[in-house]
Amino acid sequence: MRLPTLRWRTEHGRTLPVPPVGVLSLATAGLMILGCCALPPSEVIEAQAEADPALIRLNDEGLRLAEIVLARAETLRLRGDLEVPGRITLNENATTMAGAVADGIAVDCCEPVGADVQEGQVLARLHSHEIHEAEAAYWEAKADLEEHTSEVRLAKDTHQRALKLLELKAGSLQQAQEAETRLRVAEAQVESAEAGLQRADEHLSFLGLDPERLPEVGTDHTAGGHGTREGLHLIEVRSPFGGTIIERMISPGAVVAALDPLYAISDLSTMWVIAEVPEQHLSLLRTGLEVGVSVRAYPEEVFPARTTYIGHALDPETRTVEVRCELRNPGRRIKAEMFATVMIPSSATVEAVVVPATALQHIDGDEVVFAPEGVGQFRPRKVKVGQRVAEAVEILSGVVAGDDVVVGGAFRLKSELLKARMIEE
């Protein structure tokens with residue numbers, strides 16, 4: 001787990017400048033400038049592999065040509081923003097799956113991964129027997145309703161005649177009551193048929209079909225082509241909202257089942273940043289807090305974000321709480337699964353060990369500085385760095401206040417170290 005670090009700023013919120021290399025070296029360790037040209041291999045006393053392969057030794061001529069400058073690591077008292085590690089994820093509130101609502105075979109697809117789609121856009125079409133069954137159920141329900149509606153009209157006429165005859169003393173009360181009963185039964189059957197037609201209508205709508213556009217019973221469906229009657233027998237898979245296709249799980253001719261996910265779609269205009277904040281810093285947190293986010297791909301930029309969720313429990317192993325931040329993603333430059341650093345505002349005053357940024361060198365993926373060990377001898381030290389500010393950098397481990405480090409000529413020492421390794425191999 002990466003440890004939280006501190007970003008330096010002044011009491012008024014501005015970045016605190018660190019004294020330039022020349023000032024640090026003159027004020028603390030002095031200055032050794034020996035020449036200005038490249039180091040010829042003949043002037044280097046290579047490290048003795050058997051004794052100490054990491055130690056670089058330079059003779060007098062090598063020192064003269066190496067142009068070595070030393071500076072002393074110092075402690076400065078600064079106000080700092082808490083920095084914690086995080087990672088970029090998709091915004092789950094803006095990510096969804098588009099799937100099939102019935103079993104079928106893909107006959108018209110497919111939008112590729114990375115395509116931008118609009119809300120309601122057709123992504124694929126499926127041929128499904130369920131459509132024919134749903135159509136048949138619809139027409140049957142409609143026919144039932146028409147039949148029972150006719151029966152109600154007939155029952156009303158019969159009931160009216162029975163009442164007239166009863167009024168004229170030409171019919172019995174029993175006949176009138178029986179006619180009324182038949183009318184009530186017919187009306188109940190109409191209500192049941194209307195409910196059945198509504199269910200059939202809703203099923204068609206669920207499948208993406210418009211009952212008003214259904215072909216009549218017995219119509220030939222063999223004429224192909226989308227927009228024709230045959231096209232009406234294809235289930236359309238539509239995008240639930242606008243976004244970008246990030247995953248596709250369908251191909252032409254594929255057999256799919258109801259509720260199978262076929263496309264993953266996400267609106268990439270916003271992303272989530274999931275940060276891990278140690279429990280001792282929980283007092284700094286609240287939802288809606290404005291924070292800064294930086295990523296390795298754009299080291300000079302800080303992207304604004306805000307906290308939207310603070311976890312309800314600590315991780316028992318790391319003793320951190322999960323904090324979710326929402327980040328605007330202009331130009332979609334921020335990618336999912338990037339590592340990030342989240343900067344949380346803090347008014348705390350802390351002490352930080354700093355060295356000039358020119359002391360840092362990258363070797364085998366690690367941050368390294370070179371420290372002198374006697375005359376003409378230098379040893380690489382692996383360090384853990386914090387935030388870079390102005391011309392200096394915070395050192396979290398590997399160097400303590402008072403240690404001398406090479407700030408001029410460090411790249412040449414790195415070259416000699418790598419040469420020695422090649423010779424050794």
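We're numbering straight along the sequence, starting at 1. Any value given below was found using the heavy atoms of this structure, including those in side chains, with hydrogens, waters and symmetry copies removed.
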Crowding at NZ, Lys414 (>12 non-hydrogen neighbours, <6.0 Å): yes
Listed by chain and number, what are the side chain to side chain contact (heavy atoms under 4.5 Å, CB included) partners of Glu111, not counting sequence neighbours? Ala115, Gln121, Leu123, Ile245, Tyr263
Step by step, would you call His281 with Ile344 a side chain to side chain contact (heavy atoms under 4.5 Å, CB included)? CA-CA 10 Å; His281 299 297; Ile344 301 173; over 6 Å; no
State, with a plain yes or no, whether a side-chain heavy atom of Leu126 is found less than 4.5 Å away from one of Ile250. yes
Heavy-atom side-chain proximity of Pro299 to Ser294 below 4.5 angstrom: no
Value for CD (Glu322) from CD1 (Ile310), rounded to nearest 0.5 Å, stands at 11.5 Å
Test salt bridge (charged side-chain N to carboxylate O under 4.0 Å, His left out) applied to Arg153 - qualifying residues, sequence neighbours left out: none
May I have the step-by-step check of side chain to side chain contact (heavy atoms under 4.5 Å, CB included) for Leu413 and Leu417, ending in yes or no? CA-CA 6 Å; Leu413 293 179; Leu417 178 63; over 6 Å; no
Is the shortest heavy-atom distance from the side chain of Ser397 to the side chain of Val383 under 4.5 Å? no
Check side chain to side chain contact (heavy atoms under 4.5 Å, CB included) between Ala188 and all other residues, then give those that pass, not counting sequence neighbours. none
Could you tell me if the side chain of Val273 sits less than 4.5 Å from the side chain of Phe303, heavy atoms only? no
Closest approach of Glu119 and Pro240, non-hydrogen atoms and distance? CG-O, 3.5 Å
Drop me the distance from Leu314's CG to Thr320's OG1, to the nearest 0.5 angstrom. 7.0 Å
Where is the tightest heavy-atom contact between Ile105 and Gly253, given as atom of each residue plus distance? CG2-O, 3.8 Å
Tell me the closest heavy-atom pair linking Ala106 and Ser251, and the distance in Å. CB-O, 3.6 Å
Side chains of Asp260 and Met249: does their closest heavy-atom pair fall under 4.5 Å? no
CD/Glu276 to CZ/Arg87 distance, rounded to the nearest 0.5 angstrom? 8.0 Å
Here's a test for you: under side-chain contact (heavy atoms from CB on, under 4.5 Å), which of Asn93, Leu90, Ile88 qualifies with Trp272? Asn93
Using 0.5 Å steps for rounding, measure from the CD1 atom of Ile395 to the CG atom of Leu360. 5.5 Å
Not counting sequence neighbours, list each pair that qualifies as a salt bridge (charged side-chain N to carboxylate O under 4.0 Å, His left out) and has a residue in residues 368-383. Asp52-Arg379, Asp366-Lys382, Glu373-Arg379, Arg381-Asp403
Walk me through it: do Tyr138 and Leu197 pass the test side chain to side chain contact (heavy atoms under 4.5 Å, CB included)? CA-CA 6 Å; Tyr138 174 81; Leu197 181 60; 3.6 Å; yes
Could you check whether any side-chain heavy atom of Asn91 comes within less than 4.5 Å of a side-chain heavy atom of Ser266, counting everything from C-beta outward? no
Please report the shortest heavy-atom distance between Val400 and Val353, naming the atom on each side. C-CG1, 4.2 Å
Mind checking whether Val122 and Arg238 have side chains closer than 4.5 Å, heavy atoms only? yes
Going by side chain to side chain contact (heavy atoms under 4.5 Å, CB included), name the residues that satisfy it together with Val107, two or more places apart in sequence or in a different chain. His127, Leu234
Can you name the nearest heavy-atom pair linking Val368 to Pro380, along with the distance? CG1-CB, 3.6 Å
Please confirm whether the backbone N or O of Leu268 pairs with a side-chain atom of Asn329, one donor and one acceptor, at under 3.5 Å? yes
Residue pairs involving residues 240-250 (criterion side-chain hydrogen bond (donor to acceptor under 3.5 Å, both in side chains); sequence neighbours excluded): Asp116-Thr244, Thr244-Arg332
Is there a donor-acceptor pair under 3.5 Å between the side chain of Asp103 and the backbone N or O of Ala258? yes
For a 4.5 angstrom cut-off between non-hydrogen side-chain atoms, does Val69 reach Val406? no
According to side chain to side chain donor-acceptor pair (under 3.5 Å), who are the partners of Ser269, at least two apart in sequence or on a separate chain? Asp267
In Å and rounded to the nearest 0.5 Å, what is the CD to SG distance from Glu290 to Cys325? 10.0 Å
Inter- and intrachain pairs under side-chain hydrogen bond (donor to acceptor under 3.5 Å, both in side chains), touching residues 300-310, at least two apart: Glu301-Arg333
Can you measure from CD (Glu146) to NZ (Lys142) and round to the nearest 0.5 angstrom? 6.5 Å
Evaluate the criterion side chain to side chain contact (heavy atoms under 4.5 Å, CB included) for residue pair Val355 and Val407; output intermediate values, then yes/no. CA-CA 9 Å; Val355 299; Val407 296; 5.8 Å; no
Excluding sequence neighbours, so at least two apart, what forms side chain to side chain contact (heavy atoms under 4.5 Å, CB included) with Val101? Phe206, Leu207, Ile235
Sequence-distant partners of Gln198, side chain to side chain donor-acceptor pair (under 3.5 Å), two or more places apart: Glu202
Could you tell me which non-hydrogen atom of Ala297 sits nearest to which non-hydrogen atom of Met338, and how far apart they are? CB-CE, 3.9 Å
Scan residues 277-288 for pairs that pass salt bridge (charged side-chain N to carboxylate O under 4.0 Å, His left out), counting only residues two or more places apart or in two chains. Glu279-Arg319
Looking at residues at least two apart in the chain, or sitting in another chain, which of them share a salt bridge (charged side-chain N to carboxylate O under 4.0 Å, His left out) with Glu187? Arg184
